[in-house]
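The sequence lines fix the lettering, A, B, ..., with proteins before strands; numbering per chain opens at 1. Note: hydrogens, waters and symmetry copies are ignored here, and every other heavy atom, side chains too, is used.
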Number of protein chains: 2
Amino acid sequence: MPRKGTRKTVAKAADIRTVAALAKVSIATVSRTINGSPAVSDRLSKRVWQAIEQLNYFPNTHARSLVSGRSRLFGIIVENITNPFFPELIQSFEEVAVANGYEILVSSSNSDPAILTTCVRRMLERKVEGVAVLTFGEEEPVLDQLAHHNVPLVLAEFKLDDPKSSTILLDYSTGFKAAVRHLVGLGHRKIAFLAGPHTLHSAITRENDFRNAMQEAGLPVDPASVIVCDHTLRGGVAGFEKLQTLGTRPTAVICSNDMTAIGVLRAGYMKGLRVPQDLSVVGLDDIDFCEFTLPPLTTIRLSRTDLARASFDALRQQAEAAPAAQIQREFLVSTSLVIRESTAPPGWV
Amino acid sequence: MPRKGTRKTVAKAADIRTVAALAKVSIATVSRTINGSPAVSDRLSKRVWQAIEQLNYFPNTHARSLVSGRSRLFGIIVENITNPFFPELIQSFEEVAVANGYEILVSSSNSDPAILTTCVRRMLERKVEGVAVLTFGEEEPVLDQLAHHNVPLVLAEFKLDDPKSSTILLDYSTGFKAAVRHLVGLGHRKIAFLAGPHTLHSAITRENDFRNAMQEAGLPVDPASVIVCDHTLRGGVAGFEKLQTLGTRPTAVICSNDMTAIGVLRAGYMKGLRVPQDLSVVGLDDIDFCEFTLPPLTTIRLSRTDLARASFDALRQQAEAAPAAQIQREFLVSTSLVIRESTAPPGWV
DNA sequence: GTGAAAGCGCTAACAA
DNA sequence: TTGTTAGCGCTTTCAC
């Protein structure tokens, strides 16, 4: 039989005064105890903790933030949560943040400026102490608004002329060079590139770094074999089809991200083309799934743990540094090649 | 040349008093205007909005929450963010929430009670107005703590004896019956099941519903052909291998979730077994990726939009209902079969 | 319809 | 070392 509906007059949750009363100290002492101030005697501290325990008390974050001016909240804005790279990135970011006593507010912009504006607004209202903008896109107007409100920012691959902002530079170059070297070592000469949309900073950087790597290897880049896709699986399928129409067929293709590469894998399979025997495929990101594609994908790894870590560190420094302190405003995250089974000598059996 | 370091003495962000002063009204009027109180004359309202615009003002959420006792925050706890189902679910939940003026706090528990406890604690501190616990697991102790603090709760497939909690029931039964009927229609008689871990409520329910569907179809369930996996891709691979050792080989297999099915697809491919010719495979969830597996996966669709929507509605009702109001405490989310290319008649060419 | 004033739960400056 | 007290920025009575 269900309990009666009386519910013992909904006891208002314990507040700092309740604790103080029970511990027979002032609220200031309770506050100090909670915040680990050294200026509290063991005797009182013990009494306070006991009272806290007994009342199942925990402080009200809103009150705390209001008076201290610190929310211990960071925002993170990603581009597109459908690309597995981003959930994985958020996950890493959250882990670091929570481990360091911060909370996170997540938003995905889907590259829609209107959505982005709302996100930013919401974050501003919640008084975030910093925002990691990991969209890799061009959202400068909105960023200006954040910068305007003196919110520390960390951007991927983009520098804002604001002392409160930091930048994470991604060294794709290392990864691309390794990838090209790897392919050349296998005997490939004709290497195509499936690029990302040119609205993304990262896509442009990646394409440039691919070209540089090719140049360094002394290989020409056939303009027709650099095809702009959109970083989605579907886009990879389309890219593969364009690849097939090329007069001189490349024996290997490097993709601007893993989703594109997975699209190529899939389209290739549907056309009866064998990877890696007929075509070697290289991705970029190293999302968890790469291990399980058919065949497992050779890819340029962009460590999301490193990226998350760097973003967090950048924000934390900005948030916690003394006003005039000199802080690190540029961070470098590296890439490396992970060789799996989607690459082999051309014509290999 | 960079601007000088003076930065026009960091103007403290505008607050309600600034707005009131500029609009030449009292702060009460500003507050009323912002909150859409009808008791403000058009004349003043206009002045206030102008001032707000001009100052680029927005209210401080912490102050608001502190005084009103309402945070407009919901928490959502999911099990494992590596399974694409969950990011997709979070995404949907966030959309509904934001569209309705709520914010969300996300946590993934990874089925670790310690992590869960911290999550709950953090959510409590932020004064969430409700938590959606979509872990499908057994975290009753922690839930008790939430319930204890009078926080509205919505749980998937689990009923808590607390007036502040609601339950979302998942009708897997419809989906399983459709799947079995589909397979039987194709000519299958030996249908195996790769179950989820028995620590999850949902896994147990799914297994039961599978058995019921089989019974209804008049088909026996060979105990050996029900194999417990763990809802991961790796687990699916292992499950497939066990399947291969069975004396009498099933011609079709239904999996407790898509990741398991994808594991089967992959393992099958490595063994040179053809799907669907040699083995029909059915998943459950219908994650985005199903469309792109090789071959595209036939699956029992559990709409995450519906699930997110139901969770949100449940929480909102709890949060906003008048104290004594009668509210809906049970929600039903249905499943349906999505037929793609991983199922075919046994031995079909 | 509008304003004055009393807090929401907490931190931090100041006194003791 | 401890306590008193003044707000943090806002909503919400209660007068007018």
Are the side chains of A:M123 and A:V151 in touch, meaning some heavy atoms are under 4.5 Å apart? no
Any side-chain heavy-atom pair of B:R64 and B:I34 under 4.5 Å: yes
Return the CG to CD distance between A:D313 and A:Q328, rounded to the nearest 0.5 Å. 8.5 Å
Which distance, rounded to the nearest 0.5 Å, do you find between the CD of B:E79 and the CZ of B:F86? 4.5 Å
Can you check the [X] [atom1] to [N] [atom2] distance for me, whole Å?
X: B:K24; N: C:dG3; atom1: NZ; atom2: P; answer: 12 Å
X: B:L66; N: D:dC10; atom1: CG; atom2: C1'; answer: 8 Å
X: A:R47; N: D:dT2; atom1: CZ; atom2: C1'; answer: 11 Å

Pairing residues for A:S41 by the side-chain hydrogen bond (donor to acceptor under 3.5 Å, both in side chains) criterion, not counting sequence neighbours: none
Please state whether the phosphate of D:dG3, meaning OP1 or OP2, lies under 4.0 angstrom from any side-chain nitrogen or oxygen of A:T29. yes
At under 4.0 Å between heavy atoms, which parts of nucleotides 10-16 of chain C does protein reach? Answer with one letter per nucleotide, 5' to 3': B base, S sugar-phosphate only, - none. BBBB---
Using 30° and 60° as the class boundaries, would you call the ring planes of B:H201 and B:F158 parallel, tilted or perpendicular? parallel
